[in-house]
Amino acid sequence: MEFRLIDRIRERTAQGREDVKLGIGDDAAVVAPPAGQELAIAIDTMVEGVHFPHGTAAADIGWKSLAVNLSDLAAMGASPAWALLALSLPVQRAEQLGAFIDGYADGFAQLAQPHRLALIGGDTTRGALTISVAVHGFVPPGKALTRSGARAGDVVLVTGTLGDAAAGLQLLRRGARVDEGDGRATYLIERLHRPTPRLSTGLALRDRASACIDVSDGLLADLGHICEESGLGAEIETELLPRSSMLMASFDEVSVRDFALAGGDDYELCFTVPAALVAEVQSDLARLGCGATRIGRMVEGAGVRVRDAQGQWLEAAQRGWDHFA
Ligand code: ADP
Ligand code: MG
């Protein structure tokens, strides 16, 4: 692949780290994992038209392609260190490709730099616009948060607010633009394009959360994974679901509820905590800047059940992101 393009990526994402012995530019990167730590490794692929709409700005794609991976590390309680990037780019005129690469690398770097994440290598080919990012993070031995440790009686919590990203996608499909209106569309579309991985929350949950997952496919689907892996059920209350004022001001009550329950792309953390620890965990997380809301509890049984404000059980099939596809 053209070296000029790779050089542009390298320049724009430069991040000095002592543990990177050899970064972009050789046949393989060489890193020195810290003694006494375990490696947490994740990869996610994004395809234009499937994982982000056609016409999404290159910088937003750069940010989000890293954010979804950092969110996976957050859900494991790991701290990020290194990334690999595989880019498949459509054949375009050279200057268009250059502009895309610059925008992509800038969006990527905007998120990578505050976390001191180093891009250490990758691969670049021609093809449909497809981006795979792999990340590596550190976690103390045996301390990774998993989906499988929840106990009956544990409280279910979620960070931030739910449903904003799915609402943003809906607005884009209706032709909304970020620069119109009173800021509501801007906020919701930003939540879609620029999710915030909850890394410091993930670290704070080590030793305290019994299970954790990031909400990428929608709360019902992702909490469903905790249920399956923990051999339990969950009961949640719709009126406890954290929803932004921007979301509530933009859609009717039923849409808001469905976005919060089943909308994807939130990248909040959903986790379970023994009841005795909830108050302490909530005040610690609030101090970190992203609070967490209790939304229900783990119970004997299987699957996620949802109770509405009137105490009625909703039909709670795991709808997930496909519901909106
Ligand atoms: P090779 O043919 O030996 O696999 P490449 O020409 O594909 O080497 O890559 C040259 C160098 O550039 C390698 O260090 C590789 O990791 C890096 N690289 C290639 N594409 C990217 C990319 N999209 N992002 C970051 N590094 C890349
Ligand atoms: Mg080679």
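Counting from 1, the numbers follow the sequence of the chain as shown.
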Using modelled atom types and a 3.5 Å cut-off, is there a donor and acceptor pairing between side-chain atoms of Arg126 and backbone atoms of Val91?
no
Side-chain heavy atoms under 4.5 angstrom apart, residues restricted to Ile, Leu, Val, Met, Phe, Trp, Tyr: same cluster for Val30 and Trp82?
no
Min side-chain heavy-atom separation Leu73-His115 under 4.5 Å
no
Looking only at atom types and distance, does a side-chain atom of Thr272 sit under 3.5 Å from a main-chain N or O of Ala211, one as donor and one as acceptor?
yes
Do Arg198 and Asp214 meet the salt-bridge criterion of a basic N to acidic O distance under 4.0 Å?
no
So does Asp308 pair up with Arg257, basic N to acidic O under 4.0 Å?
no
Thinking salt bridges, do Arg191 and Glu268 make one under a 4.0 Å N-O criterion?
yes
So which of Val256, Leu162, Thr161 actually passes side-chain contact (heavy atoms from CB on, under 4.5 Å) with Ser244?
Thr161
Is the CZ atom of Arg243 crowded by more than 12 outside heavy atoms at less than 6.0 Å?
yes
Under 3.5 Å donor-acceptor, Glu38 side chain and Gly142 backbone:
yes
Taking the side chain as every heavy atom from C-beta outward, state whether Leu117 and Leu70 have any pair of such atoms under 4.5 Å apart.
yes
Determine whether Leu171 and Leu192 make a side-chain contact, defined as any pair of heavy atoms from C-beta on separated by less than 4.5 Å.
no
Got a donor-acceptor contact below 3.5 angstrom from the Gln282 side chain to the Gly291 backbone?
no
Is it the case that the side chain of Asp266 and the backbone of Gly163 share a donor-acceptor pair, with hydrogens and angles ignored and the cut-off at 3.5 Å?
yes
Is it true that Asp7 and Arg10 make a salt bridge, defined as a side-chain N closer than 4.0 Å to a carboxylate O?
yes
Kindly indicate whether the side chain of Ile24, heavy atoms from C-beta on, has any atom under 4.5 Å from the side chain of Leu119.
yes
Treating Asp222 as the side-chain partner and Asp217 as the backbone partner, does any N or O pair qualify as donor plus acceptor under 3.5 Å?
yes
Residue from Thr45, Val47, Asp44, Leu85 passing side-chain contact (heavy atoms from CB on, under 4.5 Å) with Ile131
Leu85
Is Arg294 reaching over with its side chain to a backbone N or O of Val155, donor-acceptor style, under 3.5 angstrom?
no
Just by distance, no angles: are the side chains of Asp265 and Tyr267 close enough, under 3.5 Å, to form a donor-acceptor pair?
yes
Is the shortest heavy-atom distance from the side chain of Asp154 to the side chain of Ser210 under 4.5 Å?
yes
Does Ser230 use its side chain to pair, donor to acceptor, with the backbone of Cys227 at less than 3.5 Å?
no
For the residue pair Pro195 and Lys64, establish whether any side-chain heavy-atom pair is separated by less than 4.5 Å.
yes
Side-chain touch Leu285/Leu157, heavy atoms, less than 4.5 angstrom
no
Report yes or no: do Leu97 and Met46 belong to one cluster of Ile/Leu/Val/Met/Phe/Trp/Tyr joined by side chain heavy-atom distances under 4.5 Å?
yes
4.5 Å side-chain heavy-atom contact, Leu169 and Phe259
no
